[in-house]
2 protein chains.
Amino acid sequence: MKIVGSICQNNVIISEEKQHKQEKQRVKTMVTIKDVAKASGVSPSTVSRVIADNPRITEDTKKKVRKAMKKLGYHPNVSARNLVAKSTKAIGVIMPSPANTALQNPFFPEVLRGISSVIHDERYSMSLSTGETEEEIYQEVQRMVYGSYVDGVILLYSRINDRVTNFLLENDFPFVIVGKPYDHETEITHVDNDNFKAGKEITNYLIGKGHERIAFIGGSSELFVTMDREAGYNTALQEAGLINLDAYKIHTEFLKSGGREAVEYLLSLETRPTGLVVSDDLISLGILSRLEESGFRVPQDFSLVSFNNVYLSEITRPALTTVDVKIYELGAQSAKALIEKTQNKDEPAKRIMIPHKMVYRDSVSEV
Amino acid sequence: MKIVGSICQNNVIISEEKQHKQEKQRVKTMVTIKDVAKASGVSPSTVSRVIADNPRITEDTKKKVRKAMKKLGYHPNVSARNLVAKSTKAIGVIMPSPANTALQNPFFPEVLRGISSVIHDERYSMSLSTGETEEEIYQEVQRMVYGSYVDGVILLYSRINDRVTNFLLENDFPFVIVGKPYDHETEITHVDNDNFKAGKEITNYLIGKGHERIAFIGGSSELFVTMDREAGYNTALQEAGLINLDAYKIHTEFLKSGGREAVEYLLSLETRPTGLVVSDDLISLGILSRLEESGFRVPQDFSLVSFNNVYLSEITRPALTTVDVKIYELGAQSAKALIEKTQNKDEPAKRIMIPHKMVYRDSVSEV
DNA sequence: CTGTTAGCGCATTCAG
DNA sequence: CTGAATGCGCTAACAG
């Protein structure tokens, strides 16, 4: 634990013992199916059937039993149920490894929302793993899988030769990837955008505005998203017969620092581009910041387009023209696919494509 | 579910059946403690003791058993264990109700990180609840508590007369609040900053820079954070003998739209303030955006200070002078306190104060 | 130091 | 349509 002690001991408040709480405590000692059975004059198995809403039970007895349940405040014990059902109705969500930097990107909260939505509707629960190191993550996934903690796993990342992916694959454990798997593409259900197409479209938009020198600024070139978007960018340039310089391709960190370096490099170029295709809104934010710091204006001096359409892209100055990749949908669909898969192990692997949408705002001008 | 159908059926890939997978599947049928017992020639209870690293077992047999476990690929079943242990070593984390807007604020990912860190170290797991409505949240908490899903709950919000809080209190279920409880303050363990002091300090900083007309822009006035920070601001003004106008107190939404309204109002004032105390970095972002849109510069025309020190406050132009409330710490300490509480129900309620720290950047100038 | 027994709370045969 | 019996995988007395 990296916790630097900081508890003000003098702020400790001792709460008064409350008598009636003691009673509640005693009463609360878990009311089981047996208690309900006794109270309603039936057998435990009947109660169990009522819980499952088994049609072979009379409406009358059902009513009777339900009343008893309510009266006693009965609630089925999940562990017991899981034990016999061999299913936890829980799914594990795995964040990319340095979770600290990952969670910074509004992308993730948004996928989580999507996932969460269907999880809740299906009455599942969600176990979040946000290990700091790759090793930690691996451990957590192991615990989840081996311990039968969860019925399935959603991977919010995709890495080359990833231990976790391989582990899941080897154990034939249900999982889906948000994004594009690096390998075994036909065996792994994944939910993705057509990033190539999106990259091409947004680049074409810039070209349509008259830009001829267009640079690409992306995150790690090891990420498929980056690669795909960049490929789309390349194709667009090529089809338009525009120059496609290596010098116009920059790869940087997802976070702030990246923006700075990228901009410095850009400005150092003898012939500067006029258009910028940036692979992530968060990077754009950094770029924007550094650009104006150096006295340049967007879109007057540089036109900029980017990807994701996180809420931030609306608040920036200028507001970003970006491709909306429907993050929420990515999450929702992946949860849906995973749940299907856990309920029917023979579900074939699918690729689910979420259509994107261009969002035009103020970061682009004619050249 | 608000999912608008969008699966490209034509993109479905059918994966080839693999023969060897079938085998793995069969082998995998859960190796239990009994299997290990048999394989190592001891009784199940001995195996159980080895798992618990019971000192009353010979190192020799331990070794023997462990070897068998490894060989068979044994892993304890969590549900079974939970059932008898009456503990799940899981804790539930509850987001504020419209989780969609809440998760937008980088504050939450950061608390999650803090929580996650100690959760992982203590080998607990974390169940995240992000209901969209208050009702949904209530349901999820009910399931968690009644179903013995989790051993304790962390509330990432605090509302007046909150059903969830009351429910937890009535059931005497272990929970902690990040922030300040609205009621039963002495009975509820909570982790908070001294927001009053922080508000006062940051306002004094502005005063020290020569500002005399200082406005306060806060989130919902129903939130304790807002109230406390505002109280600090008031006190600072008062002690400095400065005017304290109601017209200089604005309450707005946490998100972008808020910024706009607040700024419009501000600019409509006959005597405008020169200093702005903003209760949240995210609001500051909106303010900044609208201010410059209207042709004003920060810090030249307005000096601005705010709270939280989320990563964004470093990327904005200008970078924000803000009070770092140690979000990560808030999360970590709350998890720590909760775990202690679940392990010892008699732990008295505590108030844990996390010290804040001022971070000076570029959004303030002398007047 | 280790084995035997019992039971956690529930679902599910199999009888009736 | 309902009850009795059995077992899920594990831990915890209680014996040896």
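Each chain gets a letter, A, B and so on, in the order its sequence line appears, and its residues count up from 1.
Backbone-only contact: B:T61 has heavy atoms under 4.0 Å from sugar-phosphate atoms and none from a base. A:I57 comes within 4.0 angstrom of the backbone, heavy atoms only, and of no base.
A donor-acceptor contact shorter than 3.5 Å is absent between the side chain of B:D151 and the backbone of B:I91. Of the possible donor and acceptor atoms, none in the side chain of A:N344 sits under 3.5 Å from a partner among the backbone N and O of A:E340. The backbone N or O of A:V31 sits nowhere less than 3.5 Å from a side-chain atom of A:D35 that would complete a donor-acceptor pair.
At least one side-chain nitrogen or oxygen of B:T46 sits closer than 4.0 Å to the OP1 or OP2 atom of C:dG3. For A:K86 and C:dA11, the shortest distance from a side-chain N or O to OP1 or OP2 is not below 4.0 Å. For the pair B:T32 and D:dG9, the criterion of a side-chain N or O lying under 4.0 Å from OP1 or OP2 is not met. The side chain of A:T58 places an N or O atom within less than 4.0 Å of a non-bridging phosphate oxygen (OP1 or OP2) of D:dT2.
Here the P atom of nucleotide C:dC10 and the CG atom of B:L83 are 9 Å apart, to the nearest Å. One atom, NZ of A:K89, and another, C1' of C:dC10, lie 16 Å apart when rounded to the nearest Å. Put simply, NZ on B:K64 is 10 Å from C1' on C:dT2, counting in whole angstrom units. A straight line from CD of A:E59 to P of D:dT2 spans 11 Å, rounded to a whole angstrom. Between the NZ atom of A:K63 and the P atom of D:dC1 there is a distance of 15 Å, given to the nearest Å. Per the geometry, NZ belonging to B:K38 stands 12 Å off P belonging to D:dG9, to the nearest Å. In this structure, A:D35 atom CG and C:dG9 atom P are separated by 9 Å, rounded to whole Å. Rounding to whole angstrom units, CG of residue A:N54 and C1' of D:dC1 are separated by 10 Å.
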Checking side-chain contact (heavy atoms from CB on, under 4.5 Å) for the pair B:F175/B:L169: CA distance, chi angles, key distance, verdict? CA-CA 8 Å; B:F175 75 107; B:L169 230 30; 3.8 Å; yes
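Other residues, nucleotides and ligands contribute only 12 or fewer heavy atoms inside 6.0 Å of the NZ atom of A:K38.
One end of the helix from C:dC1-D:dG16 to C:dG16-D:dC1 points its axis 40° away from the other end's axis, with each axis taken from 5 pairs and the angle rounded to 10°.
Annotation: cation-pi geometry satisfied between A:R163 and A:Y138 (NZ/CZ under 6.0 angstrom from ring centroid, within 45° of ring axis). Seen from the ring of A:Y157, A:R159 counts as a face-on cation partner, given the 6.0 Å and 45° thresholds.
Between A:H75 and B:R143 the shortest side-chain heavy-atom distance does not fall below 4.5 Å.
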Shorter than 3.5 Å, N or O on both sides, protein versus nucleotides 11-15 of chain D: list them out with atom names.
residue	atom	partner	partner atom	Å
D:dT11	OP1	B:R81	NE	2.9
D:dT11	OP1	B:R81	NH2	3.2
D:dT11	OP2	B:S48	OG	2.8
D:dA13	N6	B:R49	NH2	2.7

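In this structure, a donor-acceptor pair under 3.5 Å is absent between the side chains of B:T32 and B:Y74. A donor-acceptor contact closer than 3.5 angstrom is absent between the side chains of B:T88 and B:N82.
Both B:K62 and A:K34 sit near DNA chain C, but only B:K62 has its closest nucleotide nearer the 5' end.
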